[in-house]
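Notes to accompany the following structure.
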Amino acid sequence: MLKTGCFVLIALMAVPLKAAVPEVKVLIAKSLKKVIVEGIDLQKTIHTQNKSQQYRGRKSISFDCRPSQRARFFPKTPLLVASLSSPTGLISWGQHKYKGELQLLTNPGKESCDLVNLVPMEAYLTTLLSKEMNGTWPVEALKAQAVAARTYAYERIRKGQQVDDEKLYHLESSEKDQVSGTFKDITTNTMRAARETHGEILVGPSGRIAPVFFHSKCGGKTLRPDQVWGGVEEGYRSVNCTFCSKTGMKDWQHRMKGEKLTSMVDRVLKRYYADQTVGTDIKLMPDSTENSELRLYVGDRLHIIKKSYLRNLAGRELLPSNNFVMTMNNREVHVEGQGYGHGVGLCQLGALELAKRGYTYRQILSHYFPRHKMKKAY
Ligand SMILES: [Zn+2]
């Protein structure tokens, strides 16, 4: 009897333990005065009162997020107020249906509520792929995007666990992080792309899990994170990409007055370089697409500023990408550029073209991340 018991135990130990699929907490809406959530057999937990309740059948629950006359108390830090889920696996907020759980947080600054969707990573990716790419794109392009987006979210979850346990969400559904969708954005291709890359992430050359970036269209070459944001991330290279040239936004150009550039440069120097230089006499030095920085004189002082910082202030209308050349002629500034987005990491339109040409997602990823390695995270 004892022997059989030992054998069973050894046999169980020999089976590798499969890590659970992590759950992502995604901020889906901010500063709401009122939230109405609907679903079948809803399970509601009010964390602030430590109370749970189950409703039978279809139910609509309304939360008034304005601080009421009776309870002026509004916590100074964000607080998880309520969690709502349904055994059907779907829950609605307005017209939008979500998988997983909806969580209501207080937003003290705005005296309102924020809404978070707690959702398993793989389900999260099936909606995201339609928003970040397009649910009808070739599966190999979607798979490359799935690995990149999974890595980004996975890194955020791990970072949250290591640094700040109090954080009530991992990332925002916005351009700040990555845009995810709702139940209606799931397609056969997005489901396949998530399933066929289940748990796969990219790691740096040393094996370190680090953020992986992507953008819409590089316009000829990708950029390294340090060229755009300043921080160094291991493994990144600027790679050539001729694949996105025929799709998406056409090459763009603008003219603007020298005074406009002067005021933008003033603001860039103050905000990013803590430099109080003020001058009206700006002279641009020769620029090329190879340069991720602009060299310019304000009076007799030479400044070197990142093109991406100028884009942050000028906005995407004026500077759709960081891949541009700026020249000056008789107090008139001429900007010519290619691409759309920050330019770091995976070029989505390039990935689309490569997938159409028969490249696999692994080949696509190794083009844009030549030094990164693939790893199964769970
Ligand atoms: Zn490209």
Side-chain angles (χ1 to χ4, degrees), residues 128-152 175 177-179 189-190 193 197 202 204 210-229 233 235-254 287-293 306-308 310-312 314 316-326 335-372 374:
L128 173 142
L129 295 176
S130 284
K131 290 288 185 183
E132 283 293 348
M133 280 188 164
N134 182 314
T136 63
W137 278 16
V139 168
E140 294 302 315
L142 293 173
K143 282 161 78 173
Q145 177 69 61
V147 174
R150 185 184 292 110
T151 310
Y152 187 92
E175 279 192 34
D177 289 312
Q178 44 193 19
V179 183
N189 280 8
T190 66
T197 61
L202 288 179
V212 157
F213 304 101
F214 47 87
H215 59 277
S216 175
K217 173 175 175 163
C218 74
K221 65 172 170 54
T222 66
L223 297 170
R224 297 187 312 270
D226 62 286
Q227 292 174 298
V228 175
W229 300 297
E233 292 291 345
Y236 272 89
R237 275 190 184 158
S238 166
V239 300
N240 288 329
C241 168
T242 51
F243 316 110
C244 59
S245 61
K246 291 198 172 66
T247 39
M249 187 169 193
K250 292 202 166 51
D251 293 356
W252 44 271
Q253 53 177 299
H254 298 291
D287 183 24
S288 86
T289 50
E290 296 305 307
N291 298 341
S292 58
E293 293 168 321
K306 278 192 189 300
K307 289 180 178 177
S308 58
L310 208 56
R311 177 173 179 252
N312 286 351
R316 283 146 206 204
E317 291 266 302
L318 194 64
L319 299 174
S321 79
N322 293 316
N323 188 4
F324 61 83
V325 173
M326 203 174 254
V335 200
E336 266 182 90
Q338 291 87 37
Y340 188 84
H342 54 62
V344 181
L346 177 82
C347 167
Q348 292 168 323
L349 288 171
L352 169 65
E353 177 60 23
L354 285 169
K356 282 181 181 169
R357 294 185 192 182
Y359 282 64
T360 65
Y361 76 105
R362 285 174 182 267
Q363 289 170 322
I364 296 171
L365 289 169
S366 67
H367 177 73
Y368 293 104
F369 304 96
R371 299 184 64 215
H372 284 70
M374 188 87 85

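We're numbering straight along the sequence, starting at 1. Whatever order the structure lists them in is the order used to number ligands and atoms, beginning at 1. Remember, predicted model here, so these are calculated numbers, not experimental data.
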Parallel, tilted or perpendicular: which fits the ring planes of [X] and [Y], with parallel below 30° and perpendicular above 60°?
X: H367; Y: F243; value: perpendicular
X: F324; Y: W252; value: tilted
X: H342; Y: F213; value: perpendicular
X: H372; Y: F369; value: perpendicular

### Task
For the Zn ion (ligand 1), check which protein N, O or S atoms are under 2.8 Å away and list them.
C218 SG, C241 SG, C244 SG, C347 SG
### Message
Please determine whether side chain to side chain contact (heavy atoms under 4.5 Å, CB included) holds for the pair V344 and R224, giving the CA-CA distance in whole Å, both sets of side-chain angles, and the decisive distance to 0.1 Å.
### Response
CA-CA 6 Å; V344 181; R224 297 187 312 270; over 6 Å; no
### Message
Once side chain to side chain contact (heavy atoms under 4.5 Å, CB included) is applied, do any residues pair with D251, and if so which ones, sequence neighbours excluded?
### Response
Q338
